[in-house]
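A quick write-up on the structure given underneath.
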Amino acid sequence: MNKNFKLYLPSRPRRLRRSAAILDLCAENRICPKDLILPVFIQEGLKGSKEIPSMPNIHRHTIDSLLHYCEAALKADIKAIAPFPMVDAADKSLDAREAFNPMSLANRAIAAVKRRFPEMLVVADAALDPYTSHGHDGILDDSGTWIINDQTVAILCQMAVSAAEAGADVIAPSDMMDGRIGAIRSALDDADLENTAIMAYSAKYASAFYGPFRDAIGSAPKGKKGAKKYLDKRGYQLNPANASEALKESRMDEDEGADILMVKPALPYLDILAKVKASTDLPVAAYQVSGEYSMIAASALKGWLDYAKVRDETLLCIKRAGADMILTYFAQDFFQKPLV
Ligand code: PBG
């Protein structure tokens with residue numbers, strides 16, 4: 001080893017990595033609770049809250065326990081939630097009529113949160129999957145394989161208006177039907193709800209990372225043990241092989257009046273996120289989905305990954321790629337005991 005060897009370098013980038021203080025000063029991105037939207041699951045008739053088996057440390061809430069949860073979230077500066085209902089089997093149907101019932105569980109939860117915490121931003125889901133008996137995001141045609149676009153959009157419009165009337169600040173159509181953003185915008189405007197914003201799931205991929213979410217809201221196909229559990233949504237959600245198509249969808253949603261665009265899932269689709277961000281002046285959201293959460297949670301429970309470090313790294317990378325805001329189950333860790 002030659003201890004006298006010396007390089008005379010014009011620049012030594014490592015000078016900026018010498019201490020935590022200088023690393024912080026030079027950090028180009030940061031995660032703060034104000035960037036996050038907390039997805040929350042609700043269910044009727046629970047005693048307190050109930051953990052979701054495939055999403056350790058994430059619970060379904062009653063409206064009451066949701067209010068406590070929101071109170072804690074607000075104290076930690078988490079100011080936005082996105083509720084998703086687990087709908088009783090008796091309220092599921094082929095025509096998803098419960099979706100626009102003003103007294104649906106989702107609408108009652110929205111109203112209860114807004115009444116108690118007017119400052120909490122509520123992002124209401126507009127999609128039929130919690131309400132259809134088969135779990136698809138729309139009305140099936142007679143062949144039982146194809147979702148009828150325009151009839152589905154008509155129901156989404158009613159659903160959006162009912163959620164906005166319940167008090168939702170933002171309507172988030174998560175279904176990927178054609179033309180739904182423009183139709184929902186017109187329906188809201190016609191109902192004098194012109195101040196309700198639309199967060200469009202513009203680039204929502206047909207992803208297997210949604211598995212745990214479908215357990216959480218009970219939209220996975222039921223059947224005998226060993227029956228196919230995978231719900232094939234490739235007839236409407238985007239093909240993971242495609243990038244240009246995501247840009248086309250984002251442009252269409254923007255032209256139809258979307259206020260915020262979204263890319264989903266997040267981590268496996270950072271290239272899409274960066275491209276969408278570069279192609280629009282609208283704010284862009286990313287959804288770090290259930291499977292992304294559960295993968296990290298399961299691995300951490302086995303002691304294979306450092307939970308907090310991996311969590312924070314993923315959130316930072318999603319921001320760096322271009323997300324202005326992130327929907328993430330990890331938002332809960334700002335106000336509840338983390339998983340490990
Ligand atoms: C359906 C919907 C899904 C998610 C949000 N809304 C899943 C699906 O398309 O089946 C997934 C969220 C997650 O996995 O965390 N409209």
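What you see is a predicted model; the values in this text were computed from it and never measured. Counting starts at 1 for both ligands and their atoms, following the listed order.
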Nearest-neighbour protein heavy atom for [atom], which is reported as residue plus atom name and distance:
atom	answer
atom 14 (O) of ligand 1	Ser290 OG, 2.7 Å
atom 7 (C) of ligand 1	Phe213 CD2, 3.7 Å
atom 8 (C) of ligand 1	Lys233 NZ, 3.3 Å

Short N/O distance, under 3.5 Å, between [X] and ligand 1?
X	answer
Tyr201	no
Lys204	yes
Ser219	no

Could you tell me, atom by atom, which parts of ligand 1 come under 4.0 Å of a heavy atom of [X]?
X	result
Asp137	1 (C), 16 (N)
Tyr287	12 (C), 15 (O)
Asp129	1 (C), 2 (C), 16 (N)
Gln237	8 (C), 9 (O)
Ala127	16 (N)

Query - Set of salt bridge (Lys or Arg N to Asp or Glu O under 4.0 Å) partners for Asp324, sequence neighbours left out - result: Lys277

Query raised in the report: Can you name the salt bridge (Lys or Arg N to Asp or Glu O under 4.0 Å) partners of Asp125, sequence neighbours left out?
Result: none

Report task. Give the ring-plane orientation class for Phe84 versus Tyr287, where under 30° counts as parallel, over 60° as perpendicular and anything between as tilted. Result -> tilted

Report task. Applying salt bridge (charged side-chain N to carboxylate O under 4.0 Å, His left out), run through Arg180 and Asp253 and close with a yes or a no. Result -> CA-CA 9 Å; Arg180 90 270 205 228; Asp253 286 356; 3.4 Å; yes

**Report entry** Thr314 vs Gln288, side chain to side chain donor-acceptor pair (under 3.5 Å): CA-CA, chis, key distance, verdict
**Finding:** CA-CA 9 Å; Thr314 58; Gln288 185 176 43; 3.0 Å; yes

**Report entry** Verdict with supporting geometry, Asp129 and Arg214, salt bridge (charged side-chain N to carboxylate O under 4.0 Å, His left out)
**Finding:** CA-CA 9 Å; Asp129 54 303; Arg214 292 177 189 167; over 6 Å; no

Query raised in the report: Between Arg214, Met176, His136, Lys264, which one has a non-hydrogen atom sitting closest to atom 6 (N) of ligand 1?
Result: Lys264

Query raised in the report: Under a 4.5 Å cut-off applied to non-hydrogen side-chain atoms, are Pro85 and Tyr131 in contact?
Result: yes

Query - Verdict with supporting geometry, Ser93 and Asp95, side chain to side chain donor-acceptor pair (under 3.5 Å) - result: CA-CA 5 Å; Ser93 60; Asp95 63 7; 2.9 Å; yes

